[in-house]
Amino acid sequence: MSRLMHVSSGPYAPPEPVRVLTVTSADGAALHVEVHGPEDAPAVVLAHGWTCSTAFWAAQIRDLAADHRVIAYDQRGHGRSPASPACTPDALADDLEAVLKATLASGEKAVIAGHSMGGMTVLAAAARPVFREHAAAVLLCSTGSSRLVAESTVVPMRPGRLRTWLTRHILGARAPLGPVTPLARRILKYGTMGPGSAPHMVEACARIVHACPRKVRHAWSNVLNLLDLDHGVRELRVPTAVVVGTADRLTPPVHARALVAALPNCVDSTELPGLGHMTPVEAPELVTDRIRDLVTTYATIKEGA
């Protein structure tokens with residue numbers, strides 16, 4: 001299980017949840033789930049990305065919890081959710097379904113936001129009955145459905161077999177990340193954030209990423225390397241908005257544009273100039289506003305609320 005190293009003050013310090021529960025997934029994996037905000041408010045479900053945790057959504061949770069019921073969970077092996085031998089897109093879909101079933105009433109709709117691997121989780125679950133029962137709308141932040149390693153620009157060279165090989169070995173490195181040092185911050189900022197990202201944003205992301213155990217990081221890197229969820233894009237029929245940073249090296253805008261072209265019901269697409277992969281941290285107000293807009297337009301409050 002991860003060491004928790006998130007910042008303890010400022011806009012990216014995780015707020016205290018109203019309720020904490022452990023949800024059991026289809027294969028028995030235990031998932032740490034947090035609920036924030038009023039129980040009778042419209043629901044929002046947040047799925048974080050590779051090497052992150054619920055702490056990644058701190059800015060969105062802090063804002064939205066004033067008038068939404070915000071449900072955030074740690075992907076298996078991340079944050080407070082123990083590691084599991086099952087590391088597959090289907091396992092991610094199982095986990096999201098389990099969280100939806102455990103936290104939403106029968107027929108209740110929620111806006112589901114996924115960042116990076118969290119967005120891939122949504123795509124993996126798109127055709128599942130539980131997802132379709134509960135999803136009112138979706139926000140996909142900084143994500144893609146296939147060719148993740150081949151399209152990555154982390155290695156600054158021309159596309160091709162050599163760049164893909166180097167990228168796969170860099171992202172899949174087994175070495176521990178170690179403490180959050182000035183050099184570590186520079187490396188993380190280069191790989192995952194825009195050049196103008198403020199130091200407090202970099203610090204918040206570095207602490208979260210460095211808290212992810214190296215075995216978990218490596219295991220999921222192999223999954224992302226082989227990922228092909230293009231079929232999931234076509235199955236995602238609910239209203240969907242897409243956000244990406246133009247300086248995203250991990251999931252460059254080519255992925256977002258492919259999603260926009262293939263989604264059956266894309267209602268909004270935003271490319272943020274100069275921003276990197278960590279859009280919910282780099283542009284917290286914009287991401288929060290996109291979620292609010294989707295709730296206002298498409299979500300409903302559960303019956304009897």
Side-chain angles (χ1 to χ4, degrees), residues 1-6 12-84 86-87 89-122 124-125 128 130-131 133-136 138-139 141 208 211-213 216 220 280 291 295 299 301-302 305:
M1 191 180 300
S2 300
R3 295 162 290 130
L4 297 176
M5 293 170 48
H6 53 69
Y12 300 111
E16 286 295 320
V18 172
R19 184 160 57 99
V20 173
L21 61 155
T22 300
V23 171
T24 303
S25 192
D27 65 349
L31 303 170
H32 171 82
V33 181
E34 300 176 1
V35 181
H36 303 255
E39 284 291 335
D40 60 350
V44 172
V45 178
L46 304 176
H48 69 74
W50 177 50
T51 74
C52 293
S53 68
T54 58
F56 185 78
W57 295 105
Q60 283 70 44
I61 294 171
R62 192 178 305 281
D63 189 317
L64 290 169
D67 51 1
H68 295 72
R69 187 166 87 265
V70 184
I71 300 153
Y73 72 101
D74 285 326
Q75 303 270 22
R76 56 176 64 200
H78 297 72
R80 294 180 174 90
S81 295
S84 165
C87 294
D90 280 341
L92 294 176
D94 287 342
D95 295 350
L96 177 56
E97 279 198 308
V99 171
L100 295 176
K101 287 173 67 176
T103 58
L104 300 176
S106 177
E108 182 183 4
K109 299 292 187 179
V111 168
I112 303 173
H115 170 259
S116 191
M117 192 173 81
M120 299 161 203
T121 301
V122 170
R128 301 281 192 96
V130 173
F131 178 87
E133 176 187 356
H134 291 294
V138 163
L139 177 65
C141 296
I208 293 168
C212 183
V216 171
W220 284 107
I291 295 172
V295 172
I301 300 175
K302 65 185 178 183

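The two residues S53 and G79 have their closest heavy-atom pair at CB-CA, 3.9 Å. Here the shortest heavy-atom pairing between A30 and S81 reads O-CB, 3.7 Å. Residues Y73 and A47 share a closest heavy-atom pair of OH-CB, 3.8 Å. Nearest heavy-atom pair, L104 versus A110, reported as atom, atom and distance to 0.1 Å: CD1-CB, 4.0 Å. Scanning all heavy atoms of the two residues, the minimum distance from F131 to L96 falls at CD1-CD2, 4.0 Å. The nearest pair of heavy atoms linking S25 to L31 is CB-CD1, 4.3 Å.
Proximity of P15 to H36: side-chain heavy atoms (C-beta onward) are separated by under 4.5 Å at one or more points. Looking at heavy atoms from C-beta onward, T121 lies out of side-chain contact with D95 at the 4.5 angstrom threshold. Between R128 and D90 there is a side-chain heavy-atom pair separated by less than 4.5 Å. Residues V33 and I71 have side chains in contact (heavy-atom distance under 4.5 Å, counting atoms from C-beta outward). Between Y12 and I208, the closest side-chain pair of non-hydrogen atoms is not below 4.5 Å.
One finds the CE atom of M120 at 10.0 Å from the CG atom of L92 (value rounded to the nearest 0.5 Å). Atom CD1 of I112 sits about 11.5 Å away from atom CG of L139, to the nearest 0.5 Å. Distance check: D94 CG to R76 CZ gives 7.0 Å after rounding to the nearest 0.5 Å.
The aromatic rings of H115 and W57 stand perpendicular to each other, their planes meeting at an angle above 60°, with 30° marking the opposite boundary.
Without hydrogens or angle criteria, H48 side chain to Q75 main chain gives a donor-acceptor distance under 3.5 Å. For R69 (side chain) and G37 (main-chain N/O), no donor-acceptor pair under 3.5 Å exists by modelled atom type. Between the side chain of H78 and the main chain of T51, a donor-acceptor pair closer than 3.5 Å is present. Checking side-chain atoms of D74 against main-chain N and O of H32 turns up no donor-acceptor pair under 3.5 Å. In this structure, Q60 contributes its side chain and P280 its backbone to a donor-acceptor pair below 3.5 Å.
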(request) Using the salt bridge (charged side-chain N to carboxylate O under 4.0 Å, His left out) rule, take E133 and K101 through it: C-alpha gap first, then chi angles, then the decisive distance, then the call. (result) CA-CA 10 Å; E133 176 187 356; K101 287 173 67 176; over 6 Å; no
